[in-house]
Each structure stands twice: as structure tokens, then as C-alpha cells.
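Here the structure comes first, spelled out in C-alpha cells, and everything after it is commentary.
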Amino acid sequence: MQVLVTGGSGFIGRALCRQLLQAGHHPTVLTRDVRAAARHLPGVRLIAALDELERADAAINLAGESLTRGRWNARRKQAFRDSRIGTTQRLLAWLQRRQTRPAVLVSGSAIGYYGPRDDTPLDETAAPGDDFAAQLCRDWETEAAKATGLGVRVCLLRTGIVLGADGGALGRMLPPFRLGLGGPMGSGRQWMSWVHRADLVRLILWLLENQDGSGAYNATAPQPVTNREFARTLGRVLRRPALLTTPAPALKLMFGEMADLLLTGQRVVPQRARAQGFEFHHPQLQAALCDLLE
């Protein structure tokens with residue numbers, strides 16, 4: 001299968017491309033820096049513009065600047081929108097110009113769609129939130145869903161906290177936790193809906209092949225945990241104490257509005273994928289962390 005990937009040189013995209021190659025597919029990655037991407041994506045075709053690609057059997061849209069690196073301001077918020085919604089708009093324009101279109105588009109989103117929530121488990125039928133991150137996800141999904149009007153099957157991937165030892169949220173946590181300086185953030189009662197990167201990649205490939213799959217899917221492990229439980233479990237796996245709490249005021253002082261992503265959460269469950277037969281290989285946090293770190 002010829003597979004177009006946006007965001008293919010990122011933390012998730014690199015693992016996805018490796019798995020696509022191993023499965024016998026032919027990924028093509030759209031990237032702003034072909035030379036830099038080539039160092040991370042051996043054996044993958046790289047293009048700087050969509051019109052360099054004549055056709056694709058499937059498209060995976062993962063492009064998006066990280067929300068969790070640094071303080072937010074008007075310029076950065078616009079960059080978040082451009083990297084997600086702008087890329088999706090360009091992808092739709094490319095689809096419109098094609099006589100033969102991909103059969104399926106798997107397009108990124110995030111569990112930020114639901115906004116800050118309490119202890120209520122949230123499946124894909126839950127209402128969206130109304131904060132900045134939720135509106136960003138809603139607009140992103142709305143744009144991607146327009147591909148259905150072009151005859152493309154669309155799956156919307158509401159991704160949780162993706163765990164991998166070589167980057168992402170866990171990669172940023174590891175240095176202080178390995179020094180025994182880790183611990184909960186704020187009250188520690190906020191929910192963390194996480195997923196092992198290997199399971200996320202498997203889910204994406206499953207959506208490519210599952211002809212009945214369409215609409216929103218929560219890309220999170222079946223057993224979310226609180227932030228306090230996450231910290232304790234990570235400390236236990238690393239054999240380090242995890243008792244140093246970072247107070248909420250300190251996080252707000254450091255990160256401003258972005259701190260809300262760290263201090264609030266959602267208890268998300270992957271109802272639709274499991275109901276349609278997808279099985280997670282890493283449903284429990286401690287076993288997932290051991291797989292990644294030991």
C-alpha cells in the first residue's frame with residue numbers, strides 16, 4: 001500500500017514509518033526539511049510538497065506542533081492552528097485535485113477535545129470541551145471530516161499521552177525521575193490517559209485496514225491512571241523515590257496557560273476500538289513502563 005504520512009519525522013511518525021515498512025507498505029513522508037528527515041527515516045520516500053506525490057492508497061495526518069513545550073502566546077497559538085488545521089486544509093486541496101484518491105484518511109486529534117473533566121469515564125460519545133485545546137481539536141477534526149465528501153473514509157484519532165523512552169512526555173520525565181526528583185504535579189488527582197507508542201502505531205495500522213472503521217476513536221490504553229499513580233508507578237519501575245510534588249502555582253508561573261494541560265486531565269476510555277475488536281498489547285501502566293524502560 002502507498003501511504004502518505006504528514007508529521008512522519010516526529011516522535012510518533014518515526015515509529016509508524018518503521019512499522020509500515022516492516023509490514024510491506026511504502027510510506028511517503030511530507031516534510032519541511034527533507035535533509036533532516038532523511039537522518040531519521042531511512043528507506044522512506046520524502047517529499048517537500050504534496051504535488052510531488054501523484055497518488056496514495058491511504059493518508060495518515062499527524063502533523064502538529066507540540067502544545068507542551070513552553071508558554072503559550074498569540075503567536076504560538078496561531079502556529080498550533082497552522083500546523084494542524086493549515087496542513088489538513090492543504091491535504092484536502094491535494095485530495096480535490098486527484099482523480100484517484102486515498103481510500104482512507106487517519107487524521108490526528110487529541111483527548112484535549114474533551115476539555116478538563118472530572119472522574120467520569122469518557123468514551124467517544126462524550127461532549128467536547130470549550131477551552132483553547134478543545135476548540136483546536138474540534139476545528140482540526142471538522143476540517144479532516146470534510147474528506148468524507150470526497151469519498152474518503154475518515155478516522156479521527158483522539159490520542160492521549162503517548163509513552164516511548166526516546167521522546168514525548170515520558171522522555172521529558174525520565175531525567176528528573178532517574179535522579180529521584182520526580183513526583184506528582186499539583187494535587188496529583190488529575191487523570192492521565194496514556195498509550196504505549198507501539199499500541200498507538202498498531203491502532204493506526206488497524207484503522208487503515210478495518211474497512212468498517214470511521215469517525216472518532218480514542219487512542220488511549222483501557223486503564224487510565226491519576227497523575228499521582230503515574231508518578232508512583234514510574235518511580236517504582238525506575239527504583240527511585242517519586243515524592244517531590246511540583247506545586248500548581250509554580251507550574252502556572254513557569255508555563256502560564258499551558259500549565260492547565262498538566263494540572264487537569266480526562267479519564268478517557270477507548271470504547272469504539274475495543275468494541276470493534278482491537279486488542280491493546282499494553283493495557284496496564286506498570287507493564288507498559290517495564291516494556292519501555294527495562
Side-chain angles (χ1 to χ4, degrees), residues 1-13 16-17 20 27-34 36-37 41 44-69 72-115 124 128-159 200 204 207-208 213-217 219:
M1 191 185 307
Q2 300 287 339
V3 184
L4 169 65
V5 183
T6 72
S9 58
F11 169 65
I12 299 168
L16 172 64
C17 287
L20 284 168
T28 297
V29 169
L30 175 69
T31 177
R32 290 174 295 182
D33 191 336
V34 170
L41 297 169
V44 174
R45 182 186 177 191
L46 304 172
I47 58 174
L50 283 168
D51 283 336
E52 295 178 43
L53 181 65
E54 183 57 33
R55 58 172 290 273
D57 302 307
I60 303 170
N61 181 28
L62 301 178
E65 183 176 334
S66 173
L67 300 186
T68 59
R69 292 178 182 169
W72 293 354
N73 54 35
R75 181 186 58 79
R76 290 207 70 209
K77 286 183 175 181
Q78 188 58 49
F80 298 150
R81 293 186 62 85
D82 290 344
S83 63
R84 290 165 173 77
I85 299 162
T87 299
T88 305
Q89 289 171 339
R90 290 188 288 276
L91 180 57
L92 283 166
W94 177 80
L95 290 173
Q96 289 173 330
R97 295 193 296 271
R98 305 272 73 79
Q99 290 186 339
T100 302
R101 294 170 180 141
V104 56
L105 166 63
V106 177
S107 192
S109 183
I111 59 172
Y113 172 92
Y114 301 109
E124 292 85 353
D130 57 8
D131 64 341
F132 169 76
Q135 187 61 57
L136 178 64
C137 290
R138 289 171 67 182
D139 292 346
W140 195 10
E141 291 188 10
T142 297
E143 203 62 39
K146 292 178 182 177
T148 59
L150 300 174
V152 178
R153 177 170 62 88
V154 176
C155 301
L156 304 168
L157 202 64
R158 294 176 183 163
T159 304
L200 174 60
I204 293 171
L207 289 171
L208 290 186
S214 65
Y217 288 84

Notebook entry, point to check: Can you tell me how far CG of Leu30 sits from CD1 of Ile60, rounded to the nearest 0.5 angstrom?
Noted result: 13.5 Å

Margin query: Looking at every heavy atom in both Val44 and Cys17, which two are closest together, and how far apart are they?
Written below: CG2-CB, 4.1 Å

Checklist line | Under 3.5 Å: donor-acceptor pair, side chain of Ser83, backbone of Glu65 | finding: yes

Item checked: Distance (rounded to the nearest 0.5 Å) between Arg75 CZ and Asp82 CG -> 11.5 Å

Note to self: Using the rule given for side chain to side chain contact (heavy atoms under 4.5 Å, CB included), can you reason through Leu136 versus Leu67, listing the C-alpha separation, both sets of side-chain angles and the distance that settles it, and then say yes or no?
What the structure shows: CA-CA 11 Å; Leu136 178 64; Leu67 300 186; 4.0 Å; yes

Item checked: Aromatic plane relationship, Phe80 with Phe132 - under 30° parallel, 30 to 60° tilted, over 60° perpendicular -> tilted

Check: Are the side chain of Trp140 and the backbone N or O of Gly64 linked by a donor-acceptor pair below 3.5 Å?
Finding: no

Next item on the list: Could you pull out the closest heavy-atom pair between Ala144 and Ser107, with the gap in Å?
Entry: CB-OG, 3.4 Å

Check: Side-chain contact, heavy-atom cut-off 4.5 Å: Thr28 with Glu52?
Finding: no

Check: Roughly how far, to the nearest 0.5 Å, is the CD1 atom of Ile85 from the CG atom of Asp139?
Finding: 4.5 Å

Next item on the list: Nearest 0.5 Å please: distance from the CZ atom of Arg84 over to the OG1 atom of Thr6.
Entry: 11.0 Å

Next item on the list: For Arg98 and Arg55, indicate whether the former's side chain and the latter's backbone hold a donor-acceptor pair under 3.5 Å.
Entry: no

Next item on the list: Considering non-hydrogen atoms only, spot the tightest contact between Leu105 and Ala147 and give its length.
Entry: CD2-CB, 4.0 Å

Checklist line | Inter-residue atom distance Leu20.CG - Leu208.CG, 0.5 Å rounding | finding: 7.0 Å

Checklist line | Side chain proximity check, Leu4 to Leu91, heavy atoms < 4.5 angstrom | finding: yes

Note to self: I'd like to know whether Leu156 forms a side chain to side chain contact (heavy atoms under 4.5 Å, CB included) with Tyr113, so could you lay out the CA-CA distance, the side-chain angles of the two residues, the decisive distance to 0.1 Å, and finally the verdict.
What the structure shows: CA-CA 11 Å; Leu156 304 168; Tyr113 172 92; over 6 Å; no

Check: Passes side chain to side chain contact (heavy atoms under 4.5 Å, CB included), Asp51 versus Arg97? Steps please.
Finding: CA-CA 9 Å; Asp51 283 336; Arg97 295 193 296 271; 2.9 Å; yes

Notebook entry, point to check: Which value, rounded to the nearest 0.5 Å, describes the distance between Asp57 atom CG and Arg101 atom CZ?
Noted result: 15.0 Å

Next item on the list: Search all heavy atoms of Ala219 against all heavy atoms of Leu200 and return the closest pair with its distance.
Entry: CB-CD1, 3.7 Å

Margin query: Contact between Val104 and Leu207 at the side-chain level, heavy atoms closer than 4.5 Å - yes or no?
Written below: no

Checklist line | Gly213 versus Cys155, closest heavy-atom pair with distance | finding: O-SG, 3.4 Å

Notebook entry, point to check: For Arg153 and Ser214, which heavy atoms make the closest approach, and how far apart are they?
Noted result: CG-CB, 4.1 Å

Checklist line | Side-chain donor-acceptor contact under 3.5 Å, Thr87 with Asn61 | finding: no

